[in-house]
Amino acid sequence: MQKKYITPVFRNALNKIGVPEETELHFEAPKNPDHGDFSCNVAMRSAKAMKKPPRAIAEEIIAALDYDAKLIENVSIAGPGFINIKFTDGFYAEVLKTMDALGDQLGRSNLGEGRKVNVEYISCNPTGLLHLGHGRNASIGDTVSNLYEWTGWDVTREYYFNNAGNQMNNLAKSVYARYMEALGNADFPFPEDGYRGEYIKQIAAEIKEEFGDKYKSGTEDDITFFRKAGEKWCFREIKKTLTRMNIEQDVFFNEDSLYTDGKIDAIIQDFKKLDLAYEKDEALWLKLSEMGLEEDRVIVKSSGEPTYRLPDMAYHREKFELGYDLMVELFGADHIATVPDVQAGIKALGYDTNKVRTLIHQFVTLSENGEQVKMSKRTGKNYTLDDLLDEVGPDVVRFFFLMRSVNTHLEFDLGLAREQSDKNPVFYLQYAHARICSMIAKAEDLEIKVNDNADFTLLNHKAEISLIKYIMNFGEAVKSSSTKCEPQVLTDFLREAAAAFHVFYHECRIISADSEELRDARLKLASIARIMMKNGLVILGITTPEHM
RNA sequence: GCGCCUGUAGCUCAAUUGGAUAGAGUGUUGGAUUCCGAUUCCAAAGGCUGGGGGUUCGAUUCCCUUCAGGCGCGCCA
C-alpha cells in the first residue's frame, strides 16, 4: 500500500524532469533502517539515458516531488545516488488501521485470481516406508500448496500413485521370499534387487499369521496376491505417517489408470503420427535428439512394456487436459535426470511447458553433535520419517524441513530439534503467539477488553513502529514466498516478526501503560500481531498453541 | 568423462534476483528485568563470500577458469 502512494508521486516527478517513461521504477525496503523506510535507485538507473551523474539527477527528482507532508517525513539522497524516503508515524497509524480492517484475512491476497494450480508432491511408490527425503518433500509440497491458497489460487493437491511396473513385482517377490523364510525355509533365495528393509518381514509375518501356508507354492496368482498385499500395507503406512504430519491430499492419481484407459497407447500413436518414434532392436525409441537433447531414449522396451517416460508424459498430458493454469511438481534430486526427457516429450505434443514448474529439493542429512546419524538409536534400523516424528514431533519436523531454501542440502540437527527451549526456532515462534494469548487473557481477567476503536496515532515508540512494519509487510512476505515457491522466505520473516514482537513486549508496558488510551492501542497492536503469527504458522502447517 | 546442485562468521544458514557498512540463529564473553510469562531483551568479539581472472558507477549475485563436496548419467522408476 505504501508503494501505491509513492509510485505515482515519483512517476510525476520523473516526467517533469524528462526521465524516459520506460525507466524502471522500483522501491525496496533497505536492510539498514537508518536509510529510511523506502529506497529508490531510479537516479542510478537513469544515469546513462540522462547523461548526468546519479546524485545530480536525484536532486532534480527530489525538487520535483510533490507529496503529502502528513505521510512522508522527508526524502533524502544517500550514497551513490539512492533516494531514501521516511514516512511519518501518522502514516503507520493509517497502515495499522488498514491491516486491522483485514481481520483474520491478514496476509491473504488475490495474486492467483482464482487460477487453477496443481501441486504434485510426495508421490512415493507403495514399496516401502517414508524416509527423511520424503518428509522434506511432503513439508515443502504441503506448505507451497498453502501458500498458493493464501495468494488466491484454486489449489489441487495431488499424489501420483505408481503401482505399476517392475518395482511392484520386486516387492511381491521380496515379500514372498520373507514369507517362505517365515514358514521355515531358512535358505529360501532372496531376489537380488529385492527390498531388504525390515518392514518386508513384518508384512510377511502378518500374511503368515492370517493365511498360514496358503500361498507357499508361489504361483502367478500367489505372486499377484503378495503384490497387492504389499502395496496395501505400504500405502496404509504412508498415509498414516502423512496424517501424523497433518497432510491430506485431494487426488491420488493412479498410474495404472493410464493403461486401462488407453492413454499410453494414444500417446504412442501420437508420437508415431508426428514421426517422432522409430523401432530399433525390437524396442520403440523417441527422437529426443531432434528435440534438442543429447540422445534418443527407449519408450517401449523390447518386452512390450513402456519405460517410465511414457506414463509420465501421459500423466502430464492428463493434467494439461484438465485445464490447470500451472502445474507444480516436487522431486528429490535423484529424479533430476528424468525432467528434460519428459518435458521435451510433452512439448513435442504441443503443450506449453512453461505451465509446468519443477521444484527439485536436495538431500537431507541427519546430524547430532556434529556427527552424521544414519541409524535410529531407538530401533537400530535406518531412520524413517516416523522415527523422526516420534522423536521430535510434527511441528519441529515440518519447520526444520521448511527453514532452508529448497534447492540446497539440508542438515537436520537432531540435538537442536530435540531441544524444547529458546534454542529451537519453532518454540521461539510459537512462544510469541502463546505470549500474546496469555497476555490478552490476563487483560481480560482485569476486565480489560481489546478495544477496536483504539487510537493508533499514540503508537510512536521505535519498537511499536517496527512491529507495525512487520504486520504491514506480512502480506508481501506471503506473496514472495508463494511466487518463489520458497517456504524459507516465510519462516525467516516470521522469526524476525516474532523478534520484533518480543522487543515491543520487552520495551513497552501494555496492560500497565501510562494511559488507558495507550494501553488500548498497544493491546490492539498485540492482538493484530497475534493474527499475523497465527496465520503464518497455519501456512507452515504448524500448530498455534495458546499456552506452552 | 558429461550434466545438475552446493561452497558465505567456529557451526547451521540468509542476503529483497546487480545495490549502501555482507546479515540472522547457535556457540563464546559480558550485561538487563522490583511490574503483562526469564522459552524474553541488550551488547561485544567473530568475514579476502573456496582460489584466480573478467563485465560496470557497483559483484555473494552475471561470464570464464580452477579446486572441493553432493546427486544423476539403464530397454530401473
Side-chain angles (χ1 to χ4, degrees), chain A residues 26-32 34-35 39 41 44-45 47-48 53-54 78-82 84 123 125 127 162 164-168 170 193 255 280-285 294-295 297-309 311-312 332-340 360-363 365 367 370 403-405 407-413 416 419-425 427-428 430-432 434-436 438-443 445-446 448 463 473 476-477 480 484 488-489 492 495-496 499 501-513 519 522-523 526 547-548:
Chain A
H26 179 68
F27 297 95
E28 57 186 30
K31 298 172 217 167
N32 186 342
D34 292 343
H35 294 141
S39 166
N41 63 2
M44 280 124 81
R45 279 190 185 281
K48 261 188 195 151
F82 287 101
N84 293 335
S123 299
N125 297 337
T127 56
N162 181 352
N166 245 331
Q167 39 166 5
M168 297 309 293
N170 207 343
D193 302 325
E255 171 170 332
K280 190 181 98 183
D281 303 333
E282 294 178 15
L284 191 67
W285 295 67
E294 281 290 307
E295 48 191 338
R297 298 284 181 188
V298 170
I299 48 174
V300 181
K301 298 184 242 176
S302 53
S303 65
E305 290 176 337
T307 63
Y308 72 89
R309 294 182 185 88
D312 252 23
D334 51 339
H335 276 69
I336 195 156
T338 73
V339 176
I360 303 284
H361 68 262
Q362 301 292 323
F363 276 40
T365 50
S367 75
M403 71 184 194
R404 302 296 177 224
S405 58
N407 203 2
T408 57
H409 303 263
L410 184 150
E411 184 153 331
F412 197 111
D413 185 335
L416 183 61
E419 192 96 35
Q420 308 245 333
S421 74
D422 55 333
K423 287 176 202 158
N424 190 325
F427 290 94
Y428 186 79
Q430 290 182 319
Y431 178 59
R435 204 176 203 187
I436 302 172
S438 69
M439 198 252 310
I440 291 174
K442 172 96 179 179
D445 285 348
L446 299 169
I448 302 166
N473 289 329
E476 285 298 322
S480 163
K484 288 179 186 162
Q488 178 263 331
V489 169
D492 264 15
R495 199 194 348 226
E496 285 176 25
F501 170 75
H502 285 309
V503 171
F504 160 66
Y505 184 87
H506 191 258
E507 301 206 1
C508 301
R509 303 271 82 205
I510 299 171
I511 292 177
S512 53
R519 178 199 68 195
R522 286 179 174 168
L523 193 59
H547 311 279
M548 291 178 70

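- Comparing rG72(B), rG70(B), rG37(B) by their nearest atom to the side chain of Tyr431(A) picks out rG37(B).
- Remark: rG58(B) base-pairs with no nucleotide in the shown strands. Criterion, Watson-Crick or G-U wobble with two distances under 3.5 Å.
- When heavy atoms are screened at a 4.0 angstrom cut-off, His409(A) is found touching base atoms of the nucleic acid.
- Residue Asp492(A) is the one, among Phe363(A) and Asp492(A), whose nearest nucleotide of RNA chain B lies closer to the 5' end (criterion: closest heavy atom).
- Within 4.0 Å of Thr408(A), counting heavy atoms only, lie sugar-phosphate atoms of the nucleic acid but no base atom.
- With contacts defined as side-chain heavy-atom distances shorter than 4.5 Å, the pair Arg522(A)/Phe504(A) qualifies.
- Counting any heavy atom pair closer than 4.0 Å across all strands shown, Asn424(A) reaches no nucleic acid atom.
- The side chain of Asp334(A) has rC71(B) as its nearest neighbour among rU12(B), rC71(B), rC4(B).
- At a threshold of 4.0 angstrom between heavy atoms, the contacts of Ala337(A) are confined to the sugar-phosphate backbone, with no base atom among them.
- Regarding contacts with the backbone of rG27(B), a side-chain N or O of Lys423(A) is found under 4.0 angstrom from either OP1 or OP2.
- Within the structure, every side-chain polar atom (N or O) of Tyr505(A) is placed at least 4.0 Å from both OP1 and OP2 of rC36(B).
- Residue contacts for Thr307(A): at a heavy-atom cut-off of 4.0 Å it reaches the sugar-phosphate backbone alone, with no base atom in range.
- Picking from rC75(B), rC36(B), rC42(B) the nucleotide with the shortest atom distance to the side chain of Ile511(A) gives rC36(B).
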Checklist entry - What string of B, S and - do you get for nucleotides 18-23 of chain B, 5' to 3', if B is base contact, S is sugar-phosphate-only contact and - is no contact with any protein heavy atom under 4.0 Å? => result -BB---
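- Listed nucleotides rC75(B), rG72(B), rC41(B) differ in distance to Tyr428(A); the shortest reach to its side chain belongs to rC41(B).
- With respect to Arg309(A) and Asp312(A), no salt bridge is recorded, no charged nitrogen being found less than 4.0 Å from a carboxylate O.
- Using a 4.0 Å heavy-atom distance criterion, Thr338(A) is classed as a base contact.
- Among the nucleotides rA77(B), rA14(B), rC5(B), the one closest to any side-chain atom of Asn407(A) is rC5(B).
- One cannot find a donor-acceptor pair under 3.5 Å joining the base of rC36(B) and the side-chain atoms of Ser512(A).
- When both pairing distances are held under 3.5 Å, rC73(B) makes a Watson-Crick or G-U pair with rG1(B).
- Between the side chain of Arg509(A) and the base of rC35(B), at least one donor-acceptor pair of N or O atoms lies under 3.5 Å.
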Item to check | CA sep, side-chain torsions, deciding dist, call: Glu305(A), Asn166(A), side-chain hydrogen bond (donor to acceptor under 3.5 Å, both in side chains) | outcome: CA-CA 10 Å; Glu305(A) 290 176 337; Asn166(A) 245 331; 5.1 Å; no
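- When each of rG37(B), rC71(B), rC75(B) is scored by its nearest atom to the side-chain atoms of Arg297(A), the top-ranked nucleotide is rC75(B).
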